[in-house]
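Below: one structure, written as C-alpha cells.
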Amino acid sequence: MTRASMQLFRGLSVLTLFTLVLPGCKKDPEPEPEKEVKTAPEPVVLPDPGPVEPRFDLSGPTPPETSTVVFSVDGALTPLACFNKDKGALASGADCVGLVAEGSEVYMESSFGKKALEKTGAGTATSMCADEGAIPVAALSSGADYDWAVWPKSLAPTFTQISPDTWSDRGARLDEAETKAVQEAIAKVKKSAGEFQPKQKATIDIDGDGTDELFASAVLINPNDPDTYLFSGLFMAPGGDLTKLQLIDQAKKGADVIKLFGAVDLNGDGKRELWTGISFDGGAGERMVELKDKPTVMGKWTCGAGG
C-alpha cells in the first residue's frame with residue numbers, strides 16, 4: 001500500500017469512528033421560546049370630582065340652648081316660626097324678627113341641592129310677594145333663589161325638605177288601603193260625593209322614633225266645577241298607622257291645595273314642626289304647624305294665601 005493510500009485509509013477510519021460515536025453524544029437542549037408574561041392592567045385612576053356643592057361647617061349651639069328661626073325665602077327672609085330661648089316658647093312672624101341681629105349668619109338651601117351661608121343686612125325689607133318685616137340678605141336682593149333658610153346655621157341638620165316628586169302625578173299615588181283610609185278620614189270632616197284625588201304622598205320621621213309618619217294631601221273635586229274642590233286638606237298617619245289618620249291642615253278656599261314641604265325641630269324637644277305650603281290659582285304661601293295634642297298652625301300664610 002502506498003503512503004498516499006495509507007493516509008487516505010487512516011482519514012476514512014477516523015471519520016468513520018467519529019460518525020459512529022456522534023449519535024451517542026448528548027446535545028445541548030435548544031432554548032425554549034420565552035413565554036409571554038401577562039401582567040395585570042394598570043388600574044384606571046379616575047380623577048376626584050370633588051364635592052358637587054360647597055361643604056359648610058354647621059356646628060354650633062342647638063335648641064333649647066339657643067334661639068332659632070326658620071324662614072321662607074322670597075327675595076328676603078320672611079320668618080315663619082321661631083323658638084325664643086329666654087321665653088322657652090315657640091312663636092311666629094314678627095315675634096321672630098328681633099331674635100336675628102344684623103350680620104347674623106344664616107344657612108339657605110333649595111330642593112335642587114343649592115346651598116349657601118350668608119349674612120343678614122340691616123333693618124327689615126318687603127318680600128317679593130309683599131310680606132313686610134322680612135330680613136334682607138344681599139345675595140337674595142341680587143336675585144339668588146332658595147327655598148328655605150334657618151338661623152343659626154346649626155339648626156340646619158335637623159331640617160328635612162320634602163322632595164317635589166311627592167306631589168307629582170306619579171309620586172302622589174296612594175295604594176288601595178291608603179285611599180280608603182283617607183277617604184274615610186275626609187268623610188268625617190266633609191260629607192260629599194265629590195271625586196277623590198290625591199295630591200301628595202310623603203313619608204318622614206317626625207318624632208325620632210325611627211318609624212316614618214305618612215302624609216297624604218287630597219281633594220274632593222266639585223262635580224259642578226272641576227276647577228274647584230269641595231274639600232282640600234293634609235293628613236298624617238303617625239308611624240304610618242292608617243287607623244290613626246289626623247287632619248293637619250285644611251284649605252278654606254275652593255281651589256287651594258295644601259302640601260308638606262318639610263320639617264324642622266325648632267325647640268329641640270325631639271319632635272319636628274311641619275313646614276307646609278298652600279298653592280292656589282296664581283300664587284302660593286307657607287306657614288308652620290306645631291304638633292301638640294292636636295296640630296296647631298303657627299301664624300298666617302305668607303303672601304296673603306289661604307284667605
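Residue numbers count from 1 along this sequence.
- Classification of the Trp148-Tyr107 ring pair by plane angle, with boundaries at 30° and 60°, yields tilted.
- Within the model, atoms CD of Glu290 and CG of Leu274 stand 10.0 Å from one another, a figure rounded to the nearest 0.5 Å.
- Inter-residue side-chain proximity for Ile258 and Gln200 is flagged as unmet; no heavy-atom pair is nearer than 4.5 Å.
- In this structure, a donor-acceptor pair under 3.5 Å is present between the side chains of Glu286 and Ser72.
- Atom CG of Asp86 has more than 12 neighbouring heavy atoms from other residues, nucleotides or ligands inside a 6.0 Å radius.
- Taking 4.5 Å as the limit, every side-chain heavy atom of Met298 sits out of range of all side-chain heavy atoms of Leu80.
- For Ala76, the side chain to side chain contact (heavy atoms under 4.5 Å, CB included) criterion is met by Ala125, Ala134, not counting sequence neighbours.
- Every residue two or more places apart in sequence or in another chain that forms a side-chain hydrogen bond (donor to acceptor under 3.5 Å, both in side chains) with Gln197 is listed here: Lys199.
- For Asp169, the CG atom counts as loosely surrounded, since its 6.0 Å shell holds 12 or fewer non-hydrogen atoms of other residues, nucleotides or ligands.
- Salt-bridge formation is detected for the pair Arg287/Asp249: a Lys NZ or Arg NE/NH1/NH2 atom is positioned less than 4.0 Å from an Asp or Glu carboxylate oxygen.
- The list of disulfide bond (SG atoms under 2.5 Å apart) pairs with a residue in residues 144-248, not counting sequence neighbours, is empty.
- Annotation: side chain to side chain contact (heavy atoms under 4.5 Å, CB included) contacts of Pro295 (sequence neighbours excluded): Gln246, Ile248, Val289, Leu291.
- In terms of heavy-atom proximity, Thr158 sits nearest to Asp265 at OG1-N, 3.5 Å.
- Around the CD atom of Gln183, the shell of radius 6.0 Å holds more than 12 heavy atoms that belong to other residues, nucleotides or ligands.
- Between Glu105 and Lys153, at least one side-chain nitrogen of the basic residue sits less than 4.0 Å from a carboxylate oxygen of the acidic one, meeting the salt-bridge criterion.
- Residue Leu155 holds its CG atom at 11.0 Å from OG of Ser67, rounded to the nearest 0.5 Å.
- When the shell of 6.0 Å around CD of Glu65 is examined, it contains more than 12 heavy atoms from other residues, nucleotides or ligands.
- Scored by the side chain to side chain contact (heavy atoms under 4.5 Å, CB included) test, Asp95 finds Ala91 as partners (sequence neighbours excluded).
- Between the Asp212 side chain and the Asp205 main chain, a donor and an acceptor come within less than 3.5 Å of each other.
- Ring to ring, Phe261 and Trp167 are close: their centroids are under 6.0 angstrom apart.
- Although no hydrogens or angles enter the test, the distance criterion places a donor-acceptor pair under 3.5 Å between the side chain of Ser142 and the main chain of Ala138.
- Of the possible donor and acceptor atoms, none in the side chain of Ser104 sits under 3.5 Å from a partner among the backbone N and O of Val100.
- In this view, Glu178 and Lys201 satisfy the side-chain hydrogen bond (donor to acceptor under 3.5 Å, both in side chains) rule, not counting sequence neighbours.
- Atom CE of residue Met288 and atom OG1 of residue Thr296 lie 13.0 Å apart, to the nearest 0.5 angstrom.
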